[in-house]
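Okay, so here's the structure we're looking at.
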Amino acid sequence: MEIIIQKNPAAAAEIAARIVARLLRKKPNAVLGLATGATPLLLYKMLAEMNLDWRRVATFNLDEYVGLPPEHPQSYHQFMWENFFRRVNVAKKNVHIPDGMARDVPKFCSQYEKEIRAAGGIDLQVLGIGGDGHVGFNEPASSLASRTRIKTLTRRTRRDNARFFSGEDEVPRHCITMGIGTIMEARQCLLLAFGHRKARAVAGAVEGPVTAMNPASILQMHPAVKVCLDEPAAARLKRARYYRWVYANKPDWQK
Ligand code: PGA
């Protein structure tokens, strides 16, 4: 893992934006895995302001609430179009977001996996992390080999996300999420985390044991992960000084 600690979210998001931009310039038909939530908003804003061509890019979102139609204001469909897709020249046919209204959920999920494979696999997966260590909506105790499927949200996640709804009771109980096995097949992962509320989960993911109790910790087994943090999110990392030193002293060939 490469741990990149920056003084604030904007500086960390800028590094993430540069990584995505470099990929798109090198591979105009790149396949991106995308995340929702508050964390990637700055990244999306920066990417929309860069001069990038999204016409041939394919995107696959991590998750969606079960029971929310695409036009629901809190659906991740709305989130993505409102906060990002409408600002870039992405082709609608290349955008993939799990269907929270799928009638046959297992069938939909296996189709989603097939579409990812048919697109050539995910080149770069953008990830946030839940306060409980979830990635996508793979809550603690999720199988580390899981594929896209329905999951039940924890009370904590529903409470965390209640701020977007009119109350906790309004937050759906179920979601469709890419599995941890699905995420691990991305060629590169870019995890972003900001704020002290993420510090414990980040420390567990980076320096703790690999455990389904902190699903993000499986990223220790992935060969190409960059973790972009602000200072508060990095506050519990025991080896923060070392990570900073490594980043500041990268040899030229690695930059
Ligand atoms: P957040 O959510 O970006 O809104 O904090 C992250 C997550 O739950 O994965």
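Both counts, for ligands and for their atoms, begin at 1 and track the order of listing.
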Ligand 1: protein N/O within less than 3.5 Å of ligand N/O:
unit_1, atom_1, unit_2, atom_2, d
ligand 1, 3 (O), Ala38, N, 3.2
ligand 1, 3 (O), Thr39, N, 2.9
ligand 1, 3 (O), Thr39, OG1, 2.4
ligand 1, 4 (O), Ala38, N, 2.9
ligand 1, 4 (O), Arg163, NH2, 3.1
ligand 1, 5 (O), Lys198, NZ, 2.6
ligand 1, 8 (O), His134, NE2, 2.6
ligand 1, 9 (O), His134, NE2, 3.4

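The shortest distance between side-chain heavy atoms of Arg158 and Arg173 falls below 4.5 Å. At a threshold of 4.5 Å between non-hydrogen side-chain atoms, the residues Glu2 and Val227 do not count as touching.
A donor atom on one side chain and an acceptor atom on the other are found under 3.5 Å apart for His77 and Glu64.
Ring pair Phe79/Tyr44 is perpendicular by interplanar angle, where above 60° counts as perpendicular and below 30° as parallel.
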Can you list, pair by pair, the side-chain donor-acceptor contacts under 3.5 Å of residues 116-131, counting residues two or more places apart and other chains?
unit_1, atom_1, unit_2, atom_2, d
Asp123, OD1, Lys27, NZ, 2.9
Asp123, OD1, Arg187, NH1, 2.7
Asp123, OD2, Lys27, NZ, 3.0
Asp123, OD2, Val31, N, 2.8
Gln125, NE2, Gly33, O, 3.4

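The aromatic ring centroids of Phe164 and Tyr65 lie 6.0 Å or more from each other.
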